[in-house]
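So the structure is just underneath, and the comments pick up after that.
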Amino acid sequence: MSGARDNPYLAHLPPNQRGAGGPSGSGGNDPAAREPLYGFMPRRVKADQVRKALDHDLNAFTKQPHSAQYKKILEMRRKLPVYGQMDEFYEMFSKNQIIVMVGETGSGKTTQIPQFVAYSDLPHTRGKLVACTQPRRVAAMSVAKRVADEMDVQLGRQVGYSIRFEDMTEPGTTFLKYMTDGMLLREAMNDPNLDRYSTIILDEAHERTLATDILMGLLKALAKKRSDLKIIIMSATLDALKFQKYFGLTEEGAAPLFKVPGRTHPVEVFYTQEPEPDYVEAAIRTVLMIHRAEDPGDVLLFLTGEEEIEDACRKIKLEADDLVNQDPDSVGPLVCIPLYSSLPPQQQQRIFDAPPAARPGGPPGRKVVVSTNIAETSLTIDGIVYVVDPGFSKQKVYNPRIRVESLLVSPISKASAQQRAGRAGRTRPGKCFRLYTEKDFMSELEEQTHPEILKSNLANTVLELVKLGIKDLVRFDYVDAPAPETLMRALELLNYLAALDDEGNLTPLGAIMAEFPLDPQLAKMLIVSPEFKCSNEILTITAMLSVPNVWIRPNNQRREADAAKALLTVPDGDHLTLLNVYNNYVQNKHDKNWTWTHYLSARALAQADNVRAQLQRSMERFDVDLVSMTDERKLYVNIRQALVCGFFMQIAHKEGEKGNYLTVKDNQVVALHPSCGLDTQPEWVIFNEFVLTTRPYIRMVSDIRPEWLFEFAASYFDLASFPDGETKRALQRIMNKRAGKAGGRVDAGSSDVRDAKKRKKNK
DNA sequence: GAGCACTGC
């Protein structure tokens with residue numbers, strides 16, 4: 001590849017001057033005065049050239065004069081640690097295809113490195129883009145905005161972002177794109193070579209999200225195929241060596257490491273002398289100790305969940321008030337603010353309030369934020385000087401045997417503890433109080449939090465990988481390989497859903513399922529629903545099942561909330577209730593108080609609306625008809641039949657009269673969740689969720705007819721494969737009764753929808 | 001008669 005030929009800025013130069021760098025000085029005819037990128041050769045750019053371009057009167061990418069704001073921001077950028085390493089960066093970037101980069105908080109890597117890359121790749125001259133992925137939507141949006149300001153361009157033009165529901169880019173103009181990792185993975189499904197990109201940067205790789213892990217595997221393979229593609233993996237320090245080894249393209253070689261110092265303040269860490277038997281009690285005690293004895297500065301306490309947090313906030317407030325009552329001069333006023341994701345945004349904003357003002361002549365006030373892990377990565381609170389870390393968080397665990405994900409309060413990792421401590425040093429030197437011993441920290445805590453790929457049901461991921469053309473899932477080059485049983489369970493499910501054939505190849509149905517941003521069961525149900533003349537309703541139910549719980553139940557208004565819920569409940573099943581709630585929501589959209597008076601989450605319902613619209617677009621794209629029927633009784637039957645086509649593996653059978661159910665095949669004893677709206681206890685039910693809390697519950701439950709199981713999921717309900725037991729005997733009785741009657745229907749579970757459509761059209 | 005760590009498509 002010839003740099004000179006690719007670079008339009010060199011075209012007007014005689015060949016002997018090409019690549020020599022533009023002549024300096026300014027004269028009327030000096031091309032460098034009109035062209036900031038004069039003499040730049042893709043991927044051979046030096047830091048000196050870039051510094052000159054940044055100081056140029058004209059914007060390198062728009063050719064417009066710079067704004068006054070640009071100069072101000074540039075001064076701030078010059079102070080970032082990463083800015084001082086520009087020479088080193090360009091040297092390493094020019095010589096290597098893959099770089100691993102570590103930079104602590106405040107190094108500026110997320111905003112600066114993609115810009116550095118843009119000056120080297122010159123993607124705008126080659127119809128390419130530089131991508132930088134983020135695990136979270138808000139990060140992608142806010143970083144893109146910041147970088148657009150730094151580059152003095154309008155957000156959505158040269159610099160943009162792409163997240164679900166919002167594509168803030170302009171094809172042909174945008175050359176620097178921030179995006180969620182999941183979004184890039186989606187793009188890879190339709191463009192496996194990711195040809196649009198000249199460089200791909202995976203930021204926050206140490207968080208090890210499912211999407212980032214899969215992308216790392218894909219990019220490693222892609223690097224061998226596309227020598228022009230450069231890759232940068234950005235991570236926290238502790239994981240760097242693992243990534244360097246993983247991305248070493250030769251047997252012994254490791255990818256080079258680029259290190260950027262952070263710019264944070266020191267944090268002094270304290271441990272307890274003895275293990276604490278009750279971490280919540282110890283945490284409250286520590287917060288009050290800080291309030292009495294430490295200098296002014298806000299406190300961040302990490303707890304595990306909503307209930308624990310609300311409880312702790314009440315207790316801290318009570319005890320702090322006690323202190324004031326005993327001796328008004330001893331301590332200042334204290335506010336305690338809870339923080340967790342299901343809190344409405346308005347209440348989340350309270351964490352940014354200033355601490356309470358001191359009483360006249362009294363000690364200064366203090367703000368205490370009591371938070372889940374959301375404050376560890378997703379939200380940053382300035383002004384925190386003290387962190388209290390009991391060392392626990394709720395973590396997802398997956399049991400592939402019974403296909404159940406549950407949440408368990410577990411000890412955090414060293415990496416997580418370090419991240420928490422770091423939250424104390426953002427504005428000035430801070431202190432971190434760990435409510436465990438130093439010995440336990442050293443010997444008991446794991447180095448890293450387990451990556452998501454080891455803790456999740458992989459049905460979705462496996463379908464994506466197969467769609468990406470990965471044939472051998474077991475031998476795919478994972479950074480950390482999931483348990484073979486997890487992969488087997490996923491393959492089995494996809495085979496029963498007819499997304500994969502018996503050889504593990506993608507079926508035409510599976511190819512469509514992969515295009516829907518849904519769990520495979522939901523995708524299957526939605527795609528077959530036109531056959532049941534209820535795709536309009538199934539679309540709504542699918543959207544409602546894909547968003548957080550829409551019901552709000554405040555502790556002090558439980559009865560009112562339950563009464564409001566009863567008004568919208570359909571006794572035939574929770575799925576029909578969801579449909580009813582959505583339809584009522586749409587009918588009452590003009591009434592701003594409607595969601596509030598019905599104890600419904602406006603946020604979740606708006607999200608359902610959004611998801612529904614997106615899914616509807618996908619349906620149109622793949623010719624899945626949007627149909628409905630007028631006979632309501634028949635409609636309710638058909639909806640539940642469509643449910644069976646997706647969730648036939650989640651059936652339970654009533655055992656005895658005590659309200660116990662037994663799940664089919666797995667034979668787990670479960671109960672209907674108390675939130676379930678059924679007015680009777682039907683013999684056969686279909687459920688969406690299995691939750692393990694005080695006892696095993698099934699949630700989102702609807703009444704079904706057992707005959708449907710044989711009718712719509714014959715291959716799964718082949719009784720020869722069933723373990724002996726009451727469930728099998730009950731199914732056997734129904735089977736025998738059916739055999740008495742003549743005829744049978746096609747198993748929709750294994751038929752191909754597109755063929756079915758064609759058959760219909762040919763009639 | 002009870003929950004919902006956090007993301008993402």
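Every chain is numbered from 1, with letters handed out A, B, ... down the list of sequences.
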Handout entry: Nucleic acid contacts of residues 131-143 of chain A, taken as heavy-atom distances under 4.0 Å to DNA chain B
Key = A:P135, A:R136, A:R137
Completion exercise
side chain to side chain donor-acceptor pair (under 3.5 Å) filter on A:Q607, not counting sequence neighbours, yields none
Exercise for the section: Mind checking salt bridge (charged side-chain N to carboxylate O under 4.0 Å, His left out) for A:R489 and listing every partner two or more places apart, or none if nothing turns up? Expected result: A:E492
Practice task
Could you tell me whether the phosphate oxygens of B:dT7, OP1 or OP2, come under 4.0 Å of any side-chain nitrogen or oxygen in A:T209?
Solution key: no
Fill in the blank from the handout: Hits for salt bridge (charged side-chain N to carboxylate O under 4.0 Å, His left out) against A:R434, two or more places apart or cross-chain, chain-then-number order -> none
Problem - Side chain of A:S341 - closest among B:dC4, B:dT7, B:dG3 - result: B:dT7
Completion exercise
Side-chain atoms of A:I374 come closest, of B:dT7, B:dA2, B:dC4, to B:dT7
Fill in the blank from the handout: Sorted by chain and residue number, the salt bridge (charged side-chain N to carboxylate O under 4.0 Å, His left out) partners of A:E207 (sequence neighbours excluded) come out as A:R136
Fill in the blank from the handout: A:S675 has its side chain closest, among B:dT7, B:dA2, B:dG8, to B:dA2
Exercise for the section: Could you tell me which residues satisfy side chain to side chain contact (heavy atoms under 4.5 Å, CB included) with A:N457, sequence neighbours excluded, listed by chain and number? Expected result: A:Y398, A:E405, A:A459
Problem - Within residues 299-307 of chain A: residues closer than 4.0 Å to DNA chain B (heavy atoms) - result: A:T304, A:G305, A:E306
Exercise for the section: Return the set of residues passing salt bridge (charged side-chain N to carboxylate O under 4.0 Å, His left out) with A:D389 (not counting sequence neighbours), or none when no residue passes. Expected result: A:R420
Please tabulate, one pair per line, all N/O donor-acceptor pairs under 3.5 Å involving side-chain atoms of residues 559-566 of chain A, not counting sequence neighbours.
{"unit_1": "A:D562", "atom_1": "OD1", "unit_2": "A:R553", "atom_2": "NE", "d": "2.7"}
{"unit_1": "A:D562", "atom_1": "OD2", "unit_2": "A:R553", "atom_2": "NE", "d": "3.4"}
{"unit_1": "A:D562", "atom_1": "OD2", "unit_2": "A:R553", "atom_2": "NH2", "d": "2.8"}
{"unit_1": "A:K565", "atom_1": "NZ", "unit_2": "A:S675", "atom_2": "O", "d": "3.0"}

